[in-house]
Every structure is written in C-alpha cells, then in structure tokens.
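A quick write-up on the structure given underneath.
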Number of protein chains: 2
Amino acid sequence: MNTERVSEDRIFAALASPVRREVLRLLREEGPQPVQRLAEHFAMTRPSFSEHLRVLRETGLVTENKVGRQRLYRLEALPLNEVQQWLRPFERFWRDRLTGLRDLLDQMDDES
Amino acid sequence: MNTERVSEDRIFAALASPVRREVLRLLREEGPQPVQRLAEHFAMTRPSFSEHLRVLRETGLVTENKVGRQRLYRLEALPLNEVQQWLRPFERFWRDRLTGLRDLLDQMDDES
DNA sequence: ATGACAGGTAGGAAATTTCCTACGTATAGT
DNA sequence: ACTATACGTAGGAAATTTCCTACCTGTCAT
C-alpha cells in the first residue's frame, strides 16, 4: 500500500480546481470509472482533462488501473485526511461563532 | 452577523496558498493582530502580503477593524464550514482506508 | 495487418497568480 | 504644520495554471 505522504500544499492546490473537486465527487458517488465517462461531465478537450487527472494522480487522490484499453480511475480519499486535520483546530472557532460565543472565546487563551 | 455565502470555489482557492493558510493559523493561535506583526513571518514585501490579506478578506475568512493607525485582523473561521461540509461525504472512504492500514500494521506488529 | 478507439504527452497561447517598486491615504507624535 | 508610521492601491514583470491542437502509444476488432 502506498503510504507516501504528499505535501499539504499540493493537496490544497489540487482541490483548488472545481473540475478536480467534481471528479472526486463523481468517483465517490458513482464508483471507479474510465476517463471517457468522467470526461462527459466537462466542457473541455480530453488532453486538458487528462492534465487534471495527472494532478489528482500525483497527489494520490486517485489511482488508475488499466482494463483493456480503458483506464479505470478510482478515488483514494486518504490524502483528504490531511485537509481534515488542518481544519480541525479551526472547528471550535466557527462552531462557537454559530452559537454566539465569540466574545467568550476572545477572553480565553486557548491551551490545548 | 454576516450570513453572506462566499462560493466554495473562492474559499478553496484562498486556501491553496501556503501563505494564506499560515495567516489563518497565526490568527487562530495568537489571536487578532495588526498587519505588521503578521507580516513578520513572511519573506515578502508588505504590498504583496497585503494582497494575500485582501484575498482572505474577500472570502470572509478574516475581518479587519481599525485601531489607531493599525488594522487588527481577526480570524473568521465560519467559511471553513464549507470546506468541512465538502469533505464530509469522503470521510468514510479514507476512514475505511485508515482502518485497513491500521489492521495491516497490527498484523505486522503481531508477526515481529 | 489495418483501422478504430482510449487515453496519454508535447508544445505553446492565454489567463491567472504572485511578487515587485512606486505612490497614496490616514493617523499619531512633535 | 511637519514628519514618521501603518497599510493600502496601481501598474507591471515573472511564474504558474489552464486549455488548446497535434501527435504518440497501446489495445481491440476485422
């Protein structure tokens, strides 16, 4: 199994594109698919789309395996764990904001 | 309270820069700060840094209020909720993957 | 073998982002 | 009033990203 750690930077950069986020969503909702079927959802040439897939491959967010002359792409969500971990320390801030406790927060020095 | 909804695209785009993510972290850990103190951590000119702050302002991730001739920046983490919501449906995928990895590691421990 | 299909790479144009220097605005101190 | 400080905007160069057309490789069908 691939345990290589891809940098946070590259993961966030990969997610910055709406096209790439949509690809991840499609793979999540409809399971592994060949390029052709994924590409149907996007108004761009296939070489351009191929580039997006390359970015996703390089961050480990998808893997590819050949089936005949197709290439099945599969979601590998593990790198998203990095994003989740980055997000976690902020969580209490926006939850408190939602419940109107910001002023209390400002008084407290966080010690966790 | 600001309920204006900033597009997911712009939030992800804002987070794509390591500089901007670090600013958010600094505001989280050290509380509201003037530009000067934030800028100390970055090797760039202040106008360039100002641009990054503008991006963060426009996504609602920070707010500014003037205090004398300084401008205090404050973290507004609420838009990060969008990111978390985007992330959530993927969660079980990488958790399954993680438990798979953990089981594998447990086996390796048993065998050594 | 030949052709069609699936999908990639190469090279480059156009758009966007990042960073710079120069300058503008507002406030504080003298 | 004058100067220094804090921070912004303007305009542009350089780097990066996105997207294109053209071409290459590997697999399937005939």
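Note on naming: letters A, B, ... go to the chains in the order of the sequence lines (proteins, then strands), and numbering restarts at 1 for each one.
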Separation of C:dT9 P from A:Arg46 CZ (nearest whole Å): 13 Å

Sugar-phosphate, base or nothing in reach of A:Arg37, heavy atoms under 4.0 Å: nothing

Integer-rounded Å distance: C:dG7 C1' and A:Phe49 CZ: 11 Å

Aromatic B:Phe90 / basic A:Arg28 pairing, under 6.0 angstrom, 45° off normal: yes

B:Gln33, B:Arg37, B:Arg57 screened by side-chain hydrogen bond (donor to acceptor under 3.5 Å, both in side chains) with B:Tyr73, the one that passes: B:Arg57

Flag, side chain of A:Arg20 to backbone of A:Ala14, donor-acceptor distance under 3.5 Å: yes

Stretch residues 61-69 of chain A: residues that reach within less than 4.0 Å of DNA chain D through a heavy atom: A:Gly68, A:Arg69

Side-chain N or O of A:Tyr73 closer than 4.0 Å to phosphate OP1/OP2 of C:dA6: no

Nearest atoms (heavy-atom pairs only) where A:Ala39 meets A:Arg46: CB-CG, 4.2 Å

N/O donor-acceptor pair under 3.5 Å between A:Arg21 side chain and A:Leu15 backbone: yes

d(CD, A:Glu40; P, C:dA6) in whole Å: 11 Å

Electrostatic pair A:Glu51:A:Arg54 at N-O distance under 4.0 angstrom: yes

Euclidean distance, atom CD of residue A:Gln36 to atom P of C:dA4 [Å, nearest integer]: 17 Å

Working for side-chain contact (heavy atoms from CB on, under 4.5 Å), residues A:Leu61 and A:Leu75: CA-CA 6 Å; A:Leu61 283 162; A:Leu75 175 66; 5.7 Å; no

Gap between atoms CD and P, on A:Glu51 and C:dG7 respectively (whole Å): 16 Å

Along DNA chain D, first and last positions that approach a heavy atom of chain A under 4.0 Å: D:dT18 to D:dC28

Between C:dA6 (C1') and A:Leu72 (CG): distance, integer Å: 12 Å

Any N/O donor-acceptor pair, A:Arg71 side-chain to C:dG7 base, under 3.5 Å: no

Heavy-atom neighbours of A:Arg74 CZ exceed 12 at 6.0 Å: no

Side chain B:His52, main chain B:Phe49, donor-acceptor under 3.5 Å: no

Sugar-phosphate, base or nothing in reach of B:Pro47, heavy atoms under 4.0 Å: base

